[in-house]
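The block underneath contains the structure these notes are about, expressed in structure tokens.
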Amino acid sequence: MDLHEHQSKALFVKHGIPAPMGEVAHTPEEAEAIAAKINGKVVVKAQVLTGGRGKAGGVKVASSPAEAKEKADSIIGMPIKHLTVHKVLVDPASTIVKEIYLGITNDRKVGKPVMIASSEGGMDIEQVAKENPDAVIREHIDPVYGLQGYQITSVANAMNLPKEHWKAFGQIARGLYACYAANDATLAEINPLIINGDNQLVALDGKMSIDDNALFRHPELAAMRDLTVEAEAEAIAREADISYVKLDGQIGCMVNGAGLAMTTMDMTQLYGADKGIGPANFLDIGGGAKADKVAKALNIILSDPNVKSVLINIFGGITRCDEVARGMIEAYNEVKPVVPIVIRLQGTNAKEGREIIQSANIPTLIAAATLTEAAQKAVAAAEGAL
Amino acid sequence: MDLHEHQSKALFVKHGIPAPMGEVAHTPEEAEAIAAKINGKVVVKAQVLTGGRGKAGGVKVASSPAEAKEKADSIIGMPIKHLTVHKVLVDPASTIVKEIYLGITNDRKVGKPVMIASSEGGMDIEQVAKENPDAVIREHIDPVYGLQGYQITSVANAMNLPKEHWKAFGQIARGLYACYAANDATLAEINPLIINGDNQLVALDGKMSIDDNALFRHPELAAMRDLTVEAEAEAIAREADISYVKLDGQIGCMVNGAGLAMTTMDMTQLYGADKGIGPANFLDIGGGAKADKVAKALNIILSDPNVKSVLINIFGGITRCDEVARGMIEAYNEVKPVVPIVIRLQGTNAKEGREIIQSANIPTLIAAATLTEAAQKAVAAAEGAL
Amino acid sequence: MSILLNKDSRIIVQGITGREGGFHTQQMIAYGSNVVGGVTPGKGGEWAHGVPVYDTVREAVKQAEANATVIFVPPALAAEAILEALDAKIGLIVCITEGIPVRDMMRVYAKLQQSSSRLVGPNCPGLLTPGIGKMGIMPGYIATPGRVGVVSKSGTLTYEVVNALTEAGMGQSTCVGIGGDPVIGTTFVDVLEMFENDPETEMIAMLGEIGGRAEIDAAEYIAKHMTKPVAAFIAGRSAPPNTRMGHAGAIVDGNEGSAEQKIEALRAAGVRVADNPEQIPALLANK
Amino acid sequence: MSILLNKDSRIIVQGITGREGGFHTQQMIAYGSNVVGGVTPGKGGEWAHGVPVYDTVREAVKQAEANATVIFVPPALAAEAILEALDAKIGLIVCITEGIPVRDMMRVYAKLQQSSSRLVGPNCPGLLTPGIGKMGIMPGYIATPGRVGVVSKSGTLTYEVVNALTEAGMGQSTCVGIGGDPVIGTTFVDVLEMFENDPETEMIAMLGEIGGRAEIDAAEYIAKHMTKPVAAFIAGRSAPPNTRMGHAGAIVDGNEGSAEQKIEALRAAGVRVADNPEQIPALLANK
């Protein structure tokens, strides 16, 4: 789960990291009031959970409350990538003398957190990493012992940070690791960490991602989830414990298991790409799905107007295919979909499942034996409907 | 540093361990008032930093506030071993159905904390450990990962604790380890941990010792030090960063280094034992002692009226013997001791040091070349004064 | 000799009295796996599914001489269950549990590296050695003894391929689900090495996914060390590129992780990469 | 060959710019020790006592090819200093610092056991190899090259015995102060084993104290494995028995720890135990 900049920076401050203490505005008027309170130059920053905000015009400087209102008005409601901006952070403006990058994430190769730092911070840090890898310092952290002081010294040294800033940098690095560890983060990033006009280190922008698997022990973080960025279908899916991601194609997919769900998507693209047909979504209903879950999943898939056919691919392992088939018929009767549904059952009691589907005698319910056959039939059905 | 029972139990309660919530009384009247508040049977318990309190009559049950006052009166001021009781804990009395032992200490052999438990708790636990070692469970704890739930299960299982108590025991074991770790304890002990008449587990008595080396990061614990148990000389020594322990002999010792200090004591006993003469104290002045420290140490030694002679044994490593000799002369002139002082200087600039002592021409300042000679001369001097 | 699981394996189930643990214990026993007991704290002394329940793994090792464990305990307790198995010096630990916080797994991983135990998973379907037994949730009936080693990040996709192999008359030596979590005990490379050294395995089916660089590492290993033929499928070619927050992840992982890159690396290593998992038996048959 | 410290040792001093660290750096260099640098965070690039200062041990290893370190940093930071040396894979770590919290040392000890480094100390006078060099605070001039290995828990008592040996014309191969803290990196047994295997050591002087059971372990080791003569002194016969709080310590340590028990165990192992440390040279001379 990703946190907004203002949420991330609030957590940073809790861990002793200096950051501009602005406030969030949901309307231009609120932005104006905050700017008046700050009583100086401000930055109005779109709070959206995606990158490229700056390039999209989502960050603007304002010299007066009136100008802050005007800038906020232009930013709130603007689209950035596939998201709409619903709120802005109004921060006091800073003079930037130098931009540093400081982040922590998990390195799955070694099973440890890694601190990443560069004296060449800012938006182009990935470019720096590619073109001048030596300018990006990596320091692996023992997850049991935590970040040690000598590691911070080593990082500060390697990035050629002037020694007058080491003490402040140490406090920030310690704070960032503490913040990362205490919140089960998978990313905690300060970019840029600036040296400002007063020669102070300040976290100008911050990003954090929290491990979804750990949210059960962080109710206060779980409550920070921004529901406005979630499409309605995704919210419904999450409630029902279904993994759903909307895509741009025409074939709605319902599969048990993430790997097989991706594979099923791949198959619709493999056989449909030359006809401009591909997957409309990723959907994993998980193990042991019962009728009501199948119905919910079907509803979610069909809420996408682009869907021209549905491909249901169930490999019954522990799940029994006859049960899924019965659930499918129930769901069909409840949802009454108009688009054709190709259903392929394999594994435990697959034969019984197929018989149940066939004996239901629903013309838009098409059985398939193999995944290849199912994908081809789903493509053909979608094509027929195009 | 040892904590009193009431201090230890207060820390236990902070970590979720149920314990009787009595109060401390310094006078019989206070004890009466506390008993009145408790409004039921109470136990009046001497708070002294030594074992064998129960056998010495320092723990008494009282059925009424008046009786509590009476018992407190008999306990406050009583001597237990070499200590005087200055205060009592007045706890509500408990019905004891079963006594369990649960303690944590460090096992230096393996460099880890070890949890020790026995279903045969109470005062005779050491006896149990000797006679029936299998009745004492030992579970080593990884100091980095901490006590794990399965270890608690294993302990509960091995001590045949009825399963109805496992949950409560788990909470207490976790709490005890957390209390131990958070306070840099070297001992945290519940003895007895009882099953009371309501079938609840309760920490009836508690002991904690804190690592002196870690007190710098626990000012709140350092403030708990009971200064009333410290002899004045010991308090002065601690202030001056001198290690001093009063003993029963006649030869006051002043040495640099703990091992050499013990060795010097051993030598006085080796040559004096047959004459009933031995060390009057352990005293380590540490490294690089200067004149003022030598003077302080001399004052501390001479504050003991049993001292008949003094043995100063300095092995100058980094410390220069000439400096010590000069310091010694200064100290001598300041303190003007009447007892003879044997001084043996060895190591760096020993020759110069000896010359300084000799040229001072003080009759009660006797030089010696070897430790053996020094010990023999100190014994003779003490003998002469006997 | 199969890899990992064999006739000398004495399996216990951690979480045997739970719903999932209980069901799969029955399935494992029905498949003929040598399940010698289970562990549920507080239920020691009881019986479940015909085997004794112990309070701790240590007790199960002592009483039932367990040397392998399969873990079905809930995510909040699973990391500790693995630590318990490590502490009891269980040689083979298979963790099925999905949803373990990655921070917990990193702590486990540090301990695992100090031990001589093998951890498979977590968040995996486990192991299946046709004719010998299974540890985990793979449906036993889809497999048949033979000479294809199967290794996979995925669950149902594995079943799909195992089923296709069986239907094509190609049995399996061992099927291993390594799991798709960020921190796992056993990697593609580990399993490939075991298959390479296993005389009963003649060829390997490998099923990967987008994300991470495990398949790239596998390709490098195959190019350098493997003599046996490998066929692979990489799921997720149609998935849109991940829109990642921040830069740290990209800096650590570089640009690796897309299906195309993985497929390319595997092809360059001489692996036959299928467009469709149902092609795998054919790719292996034409060796 | 001496033990631990030798001609190939390239020594750094952690805490070189501190008062104690600086003084003893001068002493070590004056004695001829091969000090190649020092470490003080924030002072990298400066020079101290004629050697370069680095910000980190890692840097000192890289730039000065350090393979041995002696630690003089304050107690609150000393455990981390040891971890830093371990992380930089320094093979020989000598920690002089007194007063490190035991909890910190237990964490260090867990890490030490995963490494291949040797830690001597903490709270010890360090090492002295006459004619080669010293790491720590032992006064160099009292020692002279020879064939007696000295191992001790104590500081000045060691000097006393080394001095007595030198005055008796008996030089030393290496003098090792192992320190008296509850958790230490190198025990009597470790050093005795090194001396037993060191062709330059012919006989050993061992100086123990009351408390703990290290001398009992040493006696057991000597009885089983040592062929070279050992003379010992145990300090603290006149100390009153420790009045200990609680029972846990007594249960863990049993009744061991008194001088009498240690002396008895050592005598039973064939060790000549002195009543007086000044007897040690004579006890060794009459071998």
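Proteins get letters first, then strands, A, B, ... in listed order; numbering begins at 1 in each. Predicted model, so just to flag it, every value in this text is computed and none were measured. Keep in mind that the numbers below use all heavy atoms, side chains included, and drop hydrogens, waters and symmetry copies.
The environment of CG in Asp212(A) is crowded: more than 12 heavy-atom neighbours from other residues, nucleotides or ligands sit within 6.0 Å.
Among residues 157-169 of chain A, the residues having any heavy atom closer than 4.5 Å to a heavy atom of chain D are, in sequence order, Asn157(A), Lys163(A), Trp166(A).
For the pair Leu83(D) and Gln148(A), the tightest heavy-atom approach, listed with the atom from each and the gap, is CD1-OE1, 3.7 Å. Between Asp55(D) and Thr153(A), the shortest heavy-atom contact is O-CG2, 3.6 Å.
Asp142(A) has its side chain within reach of Lys111(D): a pair of non-hydrogen atoms, C-beta onward, lies under 4.5 Å apart.
For Arg107(D), the parts lying near chain A are the backbone and the side chain together; criterion is any non-hydrogen pair under 4.5 Å. Residue Glu80(D) touches chain A through both its backbone and its side chain, counting heavy-atom pairs closer than 4.5 Å.
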Donor-acceptor list for residues 87-100 of chain D side chains, cut-off 3.5 Å, not counting sequence neighbours:
residue	atom	partner	partner atom	Å
Asp87(D)	OD2	Tyr150(A)	OH	2.7
Thr97(D)	OG1	Val73(D)	O	2.7

